[in-house]
Amino acid sequence: MNGYQTLAYDIIAHEMSRPTIFKDESRLFPDHVPMNLVHRDPQLKSLSRIFKVLLESPGSVAQKVTLVGDVGVGKTAVAKRFGSTMESIAKGRGTDLRYVHVNCYKDRTLFLVVKKVAQQILPSIPDRGFSAQELFESLWKILEEENIYLLLALDEADFLLSVAGEKDAPLYFLSRVADEYINKPQRLSLILITRNLEFLSDLNKSVQSSLLHNVIRFERYTSEQIYDIIRVRGFEALKEGTLGEEVLAMIADISSPQGDARYALELLWRAGKYADAEAAARVLPEHVRKAQLDVSQFPMHIVIELPLHERLFLLSVAKVLKRNRSAYVTMGEVESTYRLLCETNKIEPRKHTQSWEYLQTLKNLGILYTKISGAGFRGKTTLIGLLNLSIEAVEKGLSKLEG
Ligand SMILES: Nc1ncnc2c1ncn2[C@@H]1O[C@H](COP(=O)(O)OP(=O)(O)OP(=O)(O)O)[C@@H](O)[C@H]1O
Ligand SMILES: [Mg+2]
C-alpha cells in the first residue's frame, strides 16, 4: 500500500466509525414502503371495497381504478402496500393473485409494460422477436394454465406512449383486453396512478369512462398530517432522543404548503446528515435550515441585494435564532437585536411600524415565514422562522454589514 491508499483508508474508516444519530436511515428513503400509512385509511378502504370481488369470486370481473393526487401525497406507497397485502390475503384463501407495479416513466410503451409483467410472472418467457400483442398473448396463456390473476398498477400512467407499429394505444389495449377473452375468467385488473386526469381526455370515450368509473383522490397533506408521518418514520429511522417536537413541527410547517410527504422526509434525512456531520447529539433547527437550503437552491443574490434595513432585519432574525438555538423567534426579540445592530453600525434605526413591513417583504420573497404561537406562549404571538436559508448562509451573505 502506498501512502495515499493508507490515507484514504484512514479517512474512510474514520468516517465509517463515527457515531451517528441514525438507527436505520433507509426508513426515510423515498422508495421505502412503510407498513403504516397514516392518514390514508379512506384510500385504503376504498381500494379494498373495489377489489374485494377479486378475492370473493376471482375471475368474475376485471376491476379498474384510478388514483389521482399531487406530488408526494402517497399514491405510490398506498398502491404498493395495498398490492402486497392483497397478494398475501389472496394466498391465504388459495388464490394466486400477483401484484405488479410498473412505473411508466421508465417503461413507456405497451411492449415494455408487458415485458415487465412477463418478467415477474415467468422470468423465462422469451421477449425477443415478439410484438407487444404477441408477448401479451403468451403471458395470458400462462395466466390461464397456472390459474394466476393479475393486479397491475400503472404508475405515472401519463407517460405511456403509443408507438408506431403498436396497433392500439397502451391504455386502450390493457383496459379492453378482457373483451377479447369473453366467457373466460377475467385475469387482469388495473390500478392507474396519475397526478392529474387530463391526459385521459385524449383517450377513446369507452376507455375513459371505464377508467373514471372508480376514482380515488389523494388530497395534499396538511401540516398536522405531515407532522404525524415524519414522526412515525423519524422514530423508526433515528435513535431515541435525537428528534424533538420542535424540529418535527418546523419540518411539517415548511412542507405544508405543498403537502408533500416526500419533501418532508428528505428534509428530515438531510437534517439528520447535517447533525451527523457536526457530531451533534440531536437534530437542531439549523440542521433543518441547511437541509432546506440544499433542497431548494435559494438564489442568494436576492439576500445580498436587499435594501439596508431589510438586510439588518433579516440578520437580526438570524442572530436571535442562533442565540436561542430555536426554530422561531418573536418580533420583540428581533427588534431589540435590530436596534443593537443599527447602533454598532452607526445607522439610525427605523420605527417599530416599519418592522412589520420588512417582515412582509421578506415573507413575500420566501425568506421568512410566520405562524401564530401555540402552547408555551402567553396569548397569541407572531413567531418568525427562516425559510429556504440557514443562519450560516444569511450571516455569510450579509457579513459585510458587520464591522
Ligand atoms: N401516509 C404516509 N405515511 C408514511 N409515509 C408516507 C405517507 N404518504 C407518503 N409517504 C411517503 O412519502 C414519500 C412520497 O410518497 P409517494 O411516493 O407514495 O408519493 P406519490 O403520491 O406517489 O408522489 P408522485 O406523484 O411524486 O409519485 C414516500 O417515501 C412515501 O413512503
Ligand atoms: Mg408516485
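Whatever order the structure lists them in is the order used to number ligands and atoms, beginning at 1. Model, not experiment: these values are computed from the prediction.
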Under the side-chain contact (heavy atoms from CB on, under 4.5 Å) criterion, do His213 and Lys64 qualify, and how do the steps go?
CA-CA 8 Å; His213 184 59; Lys64 298 176 190 74; over 6 Å; no
Taking a 3.5 Å cut-off between nitrogen or oxygen atoms, can you list every pair linking ligand 1 to the protein, with distances?
unit_1	atom_1	unit_2	atom_2	d
ligand 1	1 (N)	Val38	O	2.7
ligand 1	1 (N)	Tyr221	OH	3.1
ligand 1	5 (N)	Arg233	NH1	3.2
ligand 1	8 (N)	Tyr221	OH	2.7
ligand 1	17 (O)	Arg262	NH2	3.1
ligand 1	18 (O)	Lys75	N	3.4
ligand 1	18 (O)	Thr76	N	3.2
ligand 1	18 (O)	Ala77	N	2.8
ligand 1	19 (O)	Gly74	N	3.3
ligand 1	21 (O)	Val73	N	3.1
ligand 1	21 (O)	Gly74	N	3.1
ligand 1	21 (O)	Lys75	N	2.9
ligand 1	21 (O)	Lys75	NZ	2.8
ligand 1	22 (O)	Thr76	N	3.0
ligand 1	22 (O)	Thr76	OG1	2.7
ligand 1	23 (O)	Gly72	N	2.8
ligand 1	23 (O)	Arg262	NH2	3.2
ligand 1	25 (O)	Lys75	NZ	2.6
ligand 1	25 (O)	Arg195	NE	2.9
ligand 1	26 (O)	Arg195	NH2	2.7
ligand 1	26 (O)	Arg262	NH1	3.0
ligand 1	26 (O)	Arg262	NH2	3.1
ligand 1	27 (O)	Arg262	NH2	3.3
ligand 1	29 (O)	Pro30	O	3.0
ligand 1	29 (O)	Arg233	NH1	3.4
ligand 1	31 (O)	His32	O	3.3
ligand 1	31 (O)	Arg233	NH1	2.7

May I ask you to decide if the ring planes of Tyr328 and Tyr369 are parallel, tilted or perpendicular, using 30° and 60° as cut-offs?
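Aromatic pair Tyr328/Tyr369 classed perpendicular.
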side-chain contact (heavy atoms from CB on, under 4.5 Å) evaluation trace for Thr85 with Phe82:
CA-CA 5 Å; Thr85 308; Phe82 177 76; 5.8 Å; no
Do the charged groups of [X] and [Y] touch, with an N to O distance under 4.0 Å?
X: Glu15; Y: Arg18; value: yes
X: Glu333; Y: Arg323; value: no
X: Glu286; Y: Arg289; value: yes
X: Arg98; Y: Glu146; value: no

Does the Lys NZ or Arg CZ of Arg108 fall within the cation-pi geometry relative to Tyr105 - under 6.0 Å from the ring centre and within 45° of the axis?
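Here Arg108 passes the 6.0 Å and 45° test against Tyr105.
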Examine the side chains of Ser210 and Arg176 and answer whether a donor and an acceptor come within less than 3.5 Å of each other.
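Not at all, the side chains of Ser210 and Arg176 share no donor-acceptor pair under 3.5 Å.
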For the Mg ion (ligand 2), report each protein N, O or S atom nearer than 2.8 Å, sorted by chain and then by residue number.
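Listed by chain and number, the nearby protein N, O or S atoms are Thr76 OG1.
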